[in-house]
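All heavy atoms count here, side chains included; hydrogens, waters and symmetry mates do not.
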Amino acid sequence: MSLTRRDFTRTSALTGAGVALAGSVGALATAPNALAATETESAGAAPAHGGHHHGVGYGPLIPDPDGILALPVGFRYEVITYSGRTRLESGEFTPSNHDGTATFEGRRGTTLLVNNHELAGARAQWPHPVPLAEGLVYDPAAAGGCTVVEVRRGGEVAEWVGIAGTATNCAGGSTPWGTWLTCEETEDKAGKNGFTKDHGYVFEVDPEDRRANRDPKPVKAFGRYAHEAVVIDPKRGHAYLTEDASGPNGLFYRWVPPTGFRHGRGKLRTLADDAGVLQAFKCFDSGGRYVDDLARATKTGTVYGVDWVDVPDRDARTVSVRKQFTDGQVTRARKLEGMWWADGGVYVVSSYARQESPAQHDGQVWFYDPKRRTLTLKVLLGVNQDPAADGAFDGPDNITVSPYGGLVIAEDGEGVQHLFGATESGRTYPIARNELNIGTPEEPEYSEFTGVTFSPDGRTLFANIQTPGIMLAITGPWKRQRR
C-alpha cells in the first residue's frame, strides 16, 4: 500500500518531534565541520589516571611507532590478515583491497569473518587477486571475491576462499540466518575486461558451510547495478540495497519477496531471476512536495515520507536500472554506501555530494523506518575545508551500530582517515587514525577504512585498511558512551 502525501502530512502533524527522533541513535546534529570540535580532541588533552577517559570517547589518539594505527591510551590492535604477507590455507597470499566485512559466532569459541576484496577490472592487473579455488568460481576472468577468516581462542588465524571470480566486491551485509551477502559494485557485462559473464549482482556466502558456496549463483532477483550494501528486514523479509553510482546519482532499493517465500540458508539460490518485486524509493516532504535528491536536506531531523516505485527491467539488459526512471519518478543520492539494520530499521549512508547534486555535503546518515515509511536525517557533515588537517571528519562509508551506544563509522574521505564514533546526542570522538602512508613524505596519502564491525561478544572492533589490505582487531576499555 502506498503512503500518500496526504497520509504523511497528517502523520507528521500528529506525531511531531517523535517522527524526527525515530531510532535510538537520535538526531546526530552537526553544523558544518562540527564533528571536528569534540571534547576528546582539545589541545593538551590527557587521559585520566590509569588511561581511563571520563568524557565522551576515549581520549586523544596516540601515534603508533609502527606506523599503522593510532589509538587512545589503553587500546591495542592486532593484525589479522595482511595482503601479500599472510597466507590462505591453500598457500596463496591474502588477497588485497579489503572492504565490507561481517562477523559470525563460530564453533568452539571461534569468530568467523567474511571479508570482501574490492578488485575491479581485468584479473591480470592485480598482484594478489582472490585465488580461483575449485568449485567456488563465478567468472575466472574476474579478480574479486570474499575470503573467510577464522580467529581462534588462542589467537591463531586461518583464512580460505568463500567465493572467487566476482568483481568489485565492495560492501554487502549479513543476514538474520547467519550468512553474508557480497555486493558487486559494477555494471560490467560479459566481454568487458575479458569477463565471461555479466556482473553487478549480489551473491550469498556461508561462513560455516564451505559446501554451500560451491557453484556460485547470483541473486538476480535483487537486480543488476552498482551494488554497495544490502540488509534484510528480519520481520518482513524485505531486502534493502544501496547503489553507489553517478550520472545520474544512484538509488535506494527495496526487494519485496514473493508470496510464501521464507528466508533461510540456501533459499536465495532457489529464487527465479524475476522473483519478487524490486523497487526504488521516492521521497516527499511534510508538505507533500516531491524530493528529487537527498542532498536537499540541510538540517538533521529532516523527515521524508517514502513511496516505492517498481523497477521496469531489474537485469538492465539495455539500460542501467537508475537510468530507466525519468525526472520526478524517483529520489536520488550521490554515493549511497554502507547500511546497518538496528532499532527496527535501516541506517543508510550517503558519503558526499558535490556539483552533481543540488547541495553539497561531506556525508549524511539516514534512518529508514519501514513501519512508518519515513526517512530521517541523523548525521550531516558539512564540507571539510581542510581534509589534510587531523580533526574534521568527512566521507562516511561503512557503518555499524555500537553495542556501547551510537554509531561507529569508517571514513573514506580526503586526507586523514579515521574510525570515529557518534553518540546519540551528536557528540563525536575519534577511535582510530590510519598512519600507514602509502604516498610520499612530501605528499602523504592514507587509504580509507572499511569493514567496521564488532565481534559477536562486543569486545573486539574489527576494521580494515583497504590499501594494501589489512584486517585489524582493536581491543581496549570499551564503555557505554554518554549522550
Side-chain angles (χ1 to χ4, degrees), residues 1-12 14-28 171-177 181 183 202 219 221-223 227-243 250-264 268 275-286 291 294 297 301-311 314 330-333 336-350 364-379 399-401 407:
M1 183 180 71
S2 174
L3 176 67
T4 67
R5 291 172 175 82
R6 181 178 296 175
D7 290 339
F8 177 64
T9 303
R10 182 170 64 249
T11 302
S12 298
L14 289 172
T15 57
V19 174
L21 296 177
S24 67
V25 172
L28 303 173
S174 59
T175 67
W177 54 91
L181 298 177
C183 294
V202 176
V219 186
F222 287 176
H227 286 273
E228 177 69 29
V230 56
V231 299
I232 305 293
D233 180 338
K235 181 178 180 181
R236 300 166 185 84
H238 296 165
Y240 294 93
L241 309 104
T242 48
E243 179 182 30
L251 304 176
F252 180 43
Y253 298 94
R254 180 180 75 172
W255 177 78
V256 180
T259 302
F261 177 77
R262 297 186 67 179
H263 283 291
L268 293 176
V277 180
L278 184 67
Q279 303 170 312
F281 79 147
K282 180 180 182 179
C283 296
F284 47 91
D285 65 20
S286 58
V291 179
L294 292 186
T302 296
V303 183
Y304 294 145
V306 176
D307 269 344
W308 295 96
V309 183
D310 291 357
V311 170
R314 74 181 81 186
V330 292
T331 298
R332 302 183 184 276
L336 286 168
E337 297 275 1
M339 292 193 290
W340 197 269
W341 180 273
D343 306 321
V346 189
Y347 290 92
V348 185
V349 171
S350 173
Q364 296 174 328
V365 180
W366 294 84
F367 179 80
Y368 176 68
D369 184 334
K371 184 176 181 180
R372 294 175 173 174
R373 279 179 286 173
T374 56
L375 192 70
T376 303
L377 183 58
K378 297 292 187 177
V379 179
I399 186 172
T400 188
V401 172
L407 303 170

Sorted by chain and number, sequence neighbours left out, side chain to side chain contact (heavy atoms under 4.5 Å, CB included) with Pro370 holds for Asp233, Arg236, Tyr240, Trp341, Tyr368
Ala333 to Ser350 - nearest heavy-atom pair and separation:
CB-OG, 4.3 Å
Verify side-chain contact (heavy atoms from CB on, under 4.5 Å) between Leu407 and Val401, making sure each step is shown before the conclusion.
CA-CA 5 Å; Leu407 303 170; Val401 172; 3.8 Å; yes
With a 4.5 Å limit on heavy-atom distance, are the side chains of Gln364 and Leu294 in contact?
yes
Under the rule for salt bridge (charged side-chain N to carboxylate O under 4.0 Å, His left out), what residues qualify as partners of Glu228, not counting sequence neighbours?
none
Heavy-atom closest pair, residues Tyr304 and Cys283
CB-CB, 4.0 Å
How would you list, by chain and number, every residue that makes a side-chain hydrogen bond (donor to acceptor under 3.5 Å, both in side chains) with Trp340, sequence neighbours excluded?
none
Are any of the side-chain heavy atoms of Phe281 and Tyr253 separated by less than 4.5 Å?
no
Determine, using ring centers only, whether Trp366 and Phe252 are less than 6.0 Å apart.
no
Once side-chain hydrogen bond (donor to acceptor under 3.5 Å, both in side chains) is applied, do any residues pair with Thr331, and if so which ones, sequence neighbours excluded?
none
Output all residues satisfying side-chain hydrogen bond (donor to acceptor under 3.5 Å, both in side chains) with Arg254, sequence neighbours left out; order by chain, then residue number.
Gln279
Apply side-chain contact (heavy atoms from CB on, under 4.5 Å) to the pair Tyr347 and Val231, showing each step before the final yes or no.
CA-CA 10 Å; Tyr347 290 92; Val231 299; over 6 Å; no
Within the 4.5 Å heavy-atom criterion, are Leu268 and Val202 side-chain neighbours or not?
no
What pair of heavy atoms forms the shortest contact from Val291 to Asp285, and how long is it?
CG2-N, 3.9 Å
Are Leu336 and Leu251 close enough that some pair of their side-chain heavy atoms sits under 4.5 Å apart?
no
Validation row: Pro257, His238 side chains within 4.5 angstrom (heavy atoms)
yes
Any residue meeting ring-ring contact (aromatic ring centres under 6.0 Å, His included) with Trp255, in chain and number order, not counting sequence neighbours:
Phe222
Looking at every heavy atom in both Thr374 and Val306, which two are closest together, and how far apart are they?
C-CG2, 4.4 Å
For Val230 against Cys183, the heavy-atom pair lying closest together
CG1-SG, 3.8 Å
Tell me, do Thr376 and Asp369 make a side-chain contact under 4.5 Å, heavy atoms counted?
no
Closest heavy-atom contact between Ala221 and Leu278?
O-CB, 4.3 Å
